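Worksheet: the structure to be examined is printed underneath.
Because the structure is predicted, anything quoted here is derived from the model rather than measured.
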Amino acid sequence: MNTRSRNWFPWKLAAQCPVPSIALAIVLLCGSTAMAAKPNFVITIADDHGVHHSSVYGSSEFQTPNLQRMAEEGIRFDNAYVASPACAPSRAALFTGRMPYSNGVVGNHEIDLKPGVVSLLPTLLEQGYEVVFHGKVGHAGRKHFGQYVPDGVKILGGGGLQQTMTLDQVETFLQQRPEDAPPLALFLGWTDTHTAWPPKEEARIAPEDVVIPPKIFDTPEARVEMTRYVEGAEDIDRRVGQTRELIAKHLDVNNTLVVYTSDHGMPWPFAKWSLYETGIRTPLIAVWPGKIQPSSSTDAMVSWIDLMPTLIDLAGGTSPLGIDGRSFAKVLFGETDQHRDVIFATHKGDKEKNVYPIRSVRVGKWKYIRNLHPEFAYTTHTDVWAKESPRDPKHWAHAGHHWQSYIEAAKTAPKAAAFLHDYHSSPAEELYQIEQDPYEQNNLVGSPDHAAKLVELRAMVSKRMEEVGDDESLSGPPQLLKDFALPPAHE
């Protein structure tokens, strides 16, 4: 609107029209702006779906046409991060807009928020939204996360395993919504990429066609397990397609923001439970016809703590003071390609299965990782269960059949032994150039050429730990490397 028309309305209108006409004109002229309907939000959260594991992010062996369609119709974020590489702290950060040491949920399966920390969901409720959960959105539903899943949130189904989860309840809910229903914020949580994956008999892809990530030792058993993981990712893709079909039937597509993301990386070595990029960088795709430019992408660094403030911003509300997150709406709309200069991440552990505290910072092309206790043996559910109960079907379902193949291979294959040594032990510090080394294989800590950068990032993490009151606590009793049965090193 130019200056002349801004001066003309509504005072010139008042001089020329009777009062009822003024009211009608205001309604008509404002109807498409200030009085426009608030947008609907449909947010799909996958569990353990790594950033590299779809065609959208360059892995053609994954057939994910629905995610690909989302990327072609919207925006792909190439530097989206979670706060922590485990379910509970990652999701707590999402719904509080606070980093783990700010909200109090630092380790996996911890549930107690700090006094005074609240969910951001009530802010959406105050904006008149109907907030609905289906599937694993919080960690184990309202019982586990009652502190930030307030009573105003409707839960259509719990956070059960993928075998029990369908879109039937969502479809029934959408069908029964009245025409004058309030704006909707629907959160969907799918666990197909979380163990246990679909049976190998259901996998579409052949073992010889999968891609084993660079840092993982390649065995026939690992290839079979990877076919199952691929099938899980493709199952989620099918759910995304079905969800968008329901949106087209029951919601105003042009007034609905659809988002796809995941809580952290895949449950394989050097991913989930780690602060490598494959652990904390997440897929993030958003579609909003007429608002978000199709087939766009951005290098802007954003965090999961920013997602709820962004929704609140788009709803016309204001996020509470004191949170760590902030809206990236301008990035969504292509108004900027910048958001955060620095991304911090924290990992404490997962009870006794994973006792290995880690801190990291990403600045530009640089990544620094601090392993607080390099004298500890790094373990996760995968290797612990494989060793504890090798014949327990439940543990096999979650640990997979591939771990024992690594142990057997390490008896004779130097590369397999080196892989297990690398997995179970880490140096005190790690430094990587992410653009040149996306899988973080070349640790530059010992390089004289990068000594200044190491000092800089080391200081950033130390200062951050002090600022947030990082107590460096453990999630359980650690295993010491000196007492741990590593495979023999081969020359």
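Side chain of R223 to main chain of D218: no donor-acceptor pair is present (N/O by atom type, distance under 3.5 Å, no hydrogens or angles). For the pair D337 (side chain) and T298 (backbone), a donor-acceptor distance under 3.5 Å is absent. Side-chain N or O atoms of S90 include none that pairs as donor or acceptor with a backbone N or O of C87 at under 3.5 Å. Using modelled atom types, one side-chain atom of T310 and one backbone atom of F328 make a donor-acceptor pair closer than 3.5 Å. R362 places no side-chain N or O within 3.5 Å of a backbone atom of A345 that could act as its donor or acceptor partner. Between the side chain of H134 and the backbone N or O of T166, at least one donor-acceptor pair lies under 3.5 Å. Put simply, the side chain of K367 gets close to the backbone of L275: a donor and an acceptor are under 3.5 Å apart.
Here the closest heavy-atom approach between residue D306 and residue R326 is recorded as OD1-N, 2.9 Å. The two residues G325 and P309 have their closest heavy-atom pair at C-CG, 3.8 Å. For the residue pair I236 and A46, the shortest heavy atom distance occurs at CD1-CB, 3.7 Å. The two residues N443 and P427 come nearest to each other via the heavy atoms ND2-CG, 3.7 Å. Nearest heavy atoms, S84 versus P100: CB-CG, 4.3 Å. Taking each heavy atom of M301 and V342 in turn, the nearest pair found is CE-N, 3.8 Å.
Checked against the 6.0 Å centroid threshold, W273 and H381 count as a close aromatic pair.
One distance of note links CZ of R464 with CG of L457; it measures 14.5 Å at 0.5 Å rounding. Summarising the geometry, atom CD belonging to E352 is positioned 9.0 Å from atom OG1 belonging to T379; distances are rounded to the nearest 0.5 Å. With rounding to the nearest 0.5 Å, the separation of CG in L474 from OH in Y356 is 12.0 Å. Atom OG of S262 is separated from atom CD1 of I45 by 9.0 Å, given to the nearest 0.5 angstrom. Rounded to the nearest 0.5 Å, atoms CZ (R98) and CD1 (I305) are 10.5 Å apart. Of the inter-residue distances, the one linking F376 atom CZ with K482 atom NZ reads 11.5 Å to the nearest 0.5 angstrom.
Using modelled atom types, one finds no donor on one side chain facing an acceptor on the other under 3.5 Å when comparing Y406 with D383. Inspection of the Y57 and T64 side chains reveals no N or O donor paired with an N or O acceptor under 3.5 Å. Looking only at atom types and distance, the side chain of T261 has a donor-acceptor partner in the side chain of W304 under 3.5 Å away. Checked by atom type, the side-chain pair Q441/Y432 shows no donor-acceptor distance below 3.5 Å.
Using the six-membered ring where Trp is involved, F484 and H424 have ring planes that are tilted, between 30° and 60° apart. Between Y229 and H53, the ring-plane angle classifies as perpendicular under the 30° and 60° cut-offs.
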Notebook entry, point to check: salt bridge (charged side-chain N to carboxylate O under 4.0 Å, His left out) between K453 and E456: does it pass, once the steps are laid out?
Noted result: CA-CA 5 Å; K453 182 58 66 174; E456 175 191 344; 3.1 Å; yes
Next item on the list: Determine, stepwise, if the pair Y101 / D470 fulfils side chain to side chain donor-acceptor pair (under 3.5 Å).
Entry: CA-CA 7 Å; Y101 271 103; D470 190 330; 3.1 Å; yes
Next item on the list: Check the pair E277, Y439 against side chain to side chain donor-acceptor pair (under 3.5 Å), reporting the backbone distance first and the verdict last.
Entry: CA-CA 7 Å; E277 295 289 284; Y439 284 93; over 6 Å; no
Checklist line | Residues E430, N371; criterion side chain to side chain donor-acceptor pair (under 3.5 Å); working and verdict | finding: CA-CA 8 Å; E430 302 173 62; N371 299 295; 2.8 Å; yes
Next item on the list: Check the pair D48 / T193 against side chain to side chain donor-acceptor pair (under 3.5 Å), numbers first and verdict last.
Entry: CA-CA 6 Å; D48 296 14; T193 40; over 6 Å; no
Next item on the list: Test salt bridge (charged side-chain N to carboxylate O under 4.0 Å, His left out) on R238 and E231 and set out the steps.
Entry: CA-CA 10 Å; R238 286 185 277 272; E231 185 65 25; 2.9 Å; yes
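Within the 4.5 Å cutoff, the side chain of I343 has heavy atoms near those of the S303 side chain.
Between K215 and D422 no salt bridge is recorded (no basic side-chain N to carboxylate O distance below 4.0 Å).
Screening R204, Q63, R239 for a side chain to side chain donor-acceptor pair (under 3.5 Å) with E234, the sole residue that qualifies is R204.
Environment of NZ in K330: sparse, with no more than 12 heavy atoms of neighbouring residues, nucleotides or ligands closer than 6.0 Å. Around atom CD of E335, more than 12 heavy atoms belonging to other residues, nucleotides or ligands sit under 6.0 Å away.
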